[in-house]
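Below, chain A is the first sequence line, B the second, and so on; all start at residue 1. All of these numbers come straight from a predicted model, not from anything done at the bench.
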Amino acid sequence: MSKIKTPQAIRGTQDIFGPDAEAFAFVVETFERVRKLYRFRRVEMPVFEKTEVFSRAIGETTDVVSKEMYSFEDRGGESLTLRPEFTAGIARAFLTNGWQQHAPLKVATHGPLFRYERPQKGRYRQFHQIDAEILGAGEPQADVELLAMADQLLRELGIEGVTLHLNTLGDAHSREVWRRALIEYFAAVRGELSEDSQERLEKNPLRILDSKDPRDRQFVADAPKIDVFLSDEARMFFDAVTSGLDAAGVNWTRAEGLVRGLDYYRHTAFEFIPDEGSAAAAALGSQSTILGGGRYDGLLYSLGGPHTPAVGWAAGIERLAMLVGEKEPTATDVIVVAESDDMIPKAIGALAKFRELGFSADLIASGSPRKRFDKAVKTPASAIVSLRTSVEGVTSNFRGSNPKASEVEAAWNAMRHNI
RNA sequence: GCGAUCGUAGCUCAGUUGGUUAGAGCGCCGGUUUGUGGUACCGGAGGUCGGGGGUUCGAGACCCCUCGAUCGCCCCA
């Protein structure tokens, strides 16, 4: 007889259980509650799309598309991709379902995403995000609304030591002029940059600004600032965002080096990042951004739609869960113990009644009869009802002294002769 | 794609410069004690030491390969 080898989980996937799963659920529940306060409508999206949805949105040639997506061919030979982000799919749905009629449309969703990357702390191949978007809104108030929600969410999750880092990339023209200035500036010191940044100079010069290499950092401080290149309109937009945040009571800090890699981003870019030396920073390792987003006025057009302004953010549920602290599962209201096997039918009857009455209830009726009560005692519960047979006949014992236990006891006294 | 560290029981881990039959705690199963009880004690099951090859009289330990995990780099939509 050949021993069957247990299949292994896919690299980068997680089986979340116990306190981690409780923390995960807490994040999702809090998000659902807060998004309703801000009147974001729930949407459910497919987990896969035609590959072009993402390749057009993100850019055909980037490493991101060519190497880091989970793409495959279906039986008809069409290239499909497991969603690596929510935004492109939502933008596609906005166009294909005629959601323009609802603009400005505030939507929120959450669920699994997939990226073909090497796993490390806070990064998995299947991971989970919460996501909020406002489509068809070009006003800075939309940015403020979105950021106020993000800020309140983090507070309601009890996450501290995290600050909103805010930047503007300007409009398309300001951004392009700034980009050229950066290339010129860094090209002049090319030989002194890190190898990585010499390559970035060709592929993605803005990224040099947030390089971790000290060889680059010495030049970053004096690099050209976007502010110099902002058009009047772009400056007014950013001023409206920041004054709106101040009015909403959202703390923020200017981060001139914060950039986005993709061309469709305009104006606002932001990340919530743990403060240096905070507990949150220590808990997250090198993956420090816990919530990020920006304005992507160019995206819907790149998917073949009309020019449509939009802004959104997403946050990794796993990373947030790491910051919310231990979440113990809630205690069971009542544990029913059948201390002998002949009590099992009565115990099952009691269980059914307790659950009908809205009490959470669980049964212990296996293993050594002598140890069943001890098992119940070790289980977190408000109350225990234990059934056994003795020379006097059926006896029951109630244990527990707290408000919930009193409710359980009243219910038990009412049902005990009818089970 | 690159680098570092790690892999011994269900879990957390010990195991000396290579040396007899691989251990502990917790958990699990059973028994004794207690008998309105969260106690204590006794016993049991469970390991091809991630896998393969090599060095050696002898490998959990040393070498090579491989698989996996963790953390970091690149990338970060």
Note to self: I need the CZ-P distance between A:R215 and B:C73, as an integer number of Å.
What the structure shows: 14 Å
Notebook entry, point to check: Whole Å only: how far is the CZ atom of A:R372 from the C1' atom of B:G35?
Noted result: 17 Å
Note to self: Within 45 degrees of the ring normal and closer than 6.0 Å to the centroid, is that where the cationic atom of A:R125 sits relative to A:Y116?
What the structure shows: yes
Check: When the C1' atoms of B:C64 and B:G10 are considered, how many whole Å apart are they?
Finding: 32 Å
Notebook entry, point to check: Under the 3.5 Å rule, do the base of B:C74 and the side chain of A:R200 count as making a donor-acceptor pair?
Noted result: no
Margin query: Does B:C73 have OP1 or OP2 under 4.0 Å away from a side-chain N or O of A:R118?
Written below: no
Next item on the list: Scan every strand shown for a Watson-Crick or G-U wobble partner of B:C41, both distances under 3.5 Å, and answer none if you come up empty.
Entry: B:G31
Next item on the list: May I ask you to say what A:R11 touches in the nucleic acid, namely base, sugar-phosphate or nothing, with a heavy-atom cut-off under 4.0 Å?
Entry: sugar-phosphate
Check: Are A:R155 and A:D151 close enough for a salt bridge, meaning some N to O gap below 4.0 Å?
Finding: yes
Notebook entry, point to check: How many Å lie between CD on A:E117 and C1' on B:C74, as a whole number?
Noted result: 10 Å
Margin query: Which nucleotide wins on minimum distance to the side chain of A:N204, given the candidates B:C76, B:C75, B:C29?
Written below: B:C76
Notebook entry, point to check: Would you say a side-chain N or O of A:S286 is under 4.0 Å from OP1 or OP2 of B:C73?
Noted result: yes
Margin query: Using Watson-Crick or G-U wobble geometry with both distances under 3.5 Å, which nucleotide pairs with B:C62?
Written below: B:G54
Notebook entry, point to check: Which nucleotide sits closest to the side chain of A:R123: B:G38, B:G72, B:C75?
Noted result: B:C75
Next item on the list: Please state whether the rings of A:F359 and A:F354 are parallel, tilted or perpendicular, taking 30° and 60° as the class boundaries.
Entry: perpendicular
Check: What distance, rounded to whole Å, do you find between the two P atoms, one in B:C6 and one in B:C63?
Finding: 11 Å
Next item on the list: Using a heavy-atom cut-off of under 4.0 Å over every strand shown, decide if A:E199 touches base, sugar-phosphate, or nothing.
Entry: nothing
Notebook entry, point to check: Quick one: on RNA chain B, does A:P369 or A:F114 contact a more 5' nucleotide (nearest heavy atom)?
Noted result: A:P369
Next item on the list: Using both distances under 3.5 Å as the test, list the Watson-Crick or G-U wobble partner of B:C74, or none.
Entry: none
Next item on the list: Using the P atom as the reference point in each nucleotide, state the distance between B:U5 and B:C65 in Å, no decimals.
Entry: 14 Å
Item checked: Whole-angstrom distance between B:U8 and B:G60, as gauged at atom C1' -> 7 Å
Notebook entry, point to check: Using the P atom in both, what is the distance from B:A24 to B:A59, to the nearest Å?
Noted result: 24 Å
Notebook entry, point to check: Base, sugar-phosphate, or nothing for A:E195, non-hydrogen atoms under 4.0 angstrom?
Noted result: nothing
Next item on the list: For A:G292, answer base if it contacts any base atom (sugar-phosphate contacts may also be present), sugar-phosphate if it contacts only those atoms, and nothing otherwise; contact means non-hydrogen atoms under 4.0 Å.
Entry: nothing
Margin query: Is A:K212 close enough to B:C73 that one of its side-chain N or O atoms is under 4.0 Å from OP1 or OP2 there?
Written below: yes
Next item on the list: Starting from C1' on B:G72, measure out to CG on A:D213 and report it in whole angstrom.
Entry: 14 Å
Checklist line | Spacing of A:F373 atom CZ relative to B:G35 atom P, expressed in whole Å | finding: 15 Å
Next item on the list: State whether the distance check finds a donor on one side and an acceptor on the other, under 3.5 Å, for side chain A:K371 versus base B:G31.
Entry: yes
Check: When rounded to the nearest Å, what value does the distance between C1' atoms of B:U21 and B:A40 take?
Finding: 31 Å
Item checked: Watson-Crick or G-U wobble partner of B:G18, both distances under 3.5 Å -> none
Check: Under a 3.5 Å cut-off for both distances, is B:G25 Watson-Crick or wobble paired, and to whom?
Finding: B:C11
Item checked: Position toward the 5' end of RNA chain B (nearest nucleotide), A:Y265 or A:S211 -> A:S211
Margin query: Under a 4.0 Å threshold between the charged nitrogen and the carboxylate oxygen, would A:E49 count as salt-bridged to A:R83?
Written below: no
Next item on the list: Compare every heavy atom of A:F86 with every heavy atom of A:G111, then report the nearest pair and how far apart it is.
Entry: N-CZ, 3.4 Å
Notebook entry, point to check: How close do A:T268 and A:F237 get, heavy atom to heavy atom, and via which atoms?
Noted result: OG1-CE2, 3.6 Å
Checklist line | Integer-rounded Å distance: B:G51 C1' and A:Q8 CD | finding: 11 Å
Check: For B:A69, what is the paired nucleotide under Watson-Crick or G-U wobble rules, both distances under 3.5 Å?
Finding: B:U5
Next item on the list: Salt-bridge test for A:R254 and A:D227: reply yes if a basic N is under 4.0 Å from a carboxylate O, no otherwise.
Entry: yes
Note to self: In this structure, how many angstroms lie between the C1' atom of B:U70 and the NZ atom of A:K121, rounded?
What the structure shows: 10 Å
Note to self: Would you say A:K203 places a side-chain N or O within less than 4.0 Å of OP1 or OP2 belonging to B:C76?
What the structure shows: no
Margin query: Distance check, P atoms only: B:U56 and B:G18, in whole angstrom units.
Written below: 16 Å
Notebook entry, point to check: Roughly, in whole Å, what's the span from CZ in A:F270 to P in B:C76?
Noted result: 18 Å
Item checked: Atom C1', compared across B:A9 and B:U48: separation rounded to whole Å -> 14 Å
Notebook entry, point to check: Do the side-chain N or O atoms of A:Q120 get closer than 4.0 angstrom to the phosphate oxygens (OP1, OP2) of B:G72?
Noted result: yes
Next item on the list: Could you check A:R42, A:H128, A:Q129 and say which one makes a side-chain hydrogen bond (donor to acceptor under 3.5 Å, both in side chains) with A:H110?
Entry: A:R42
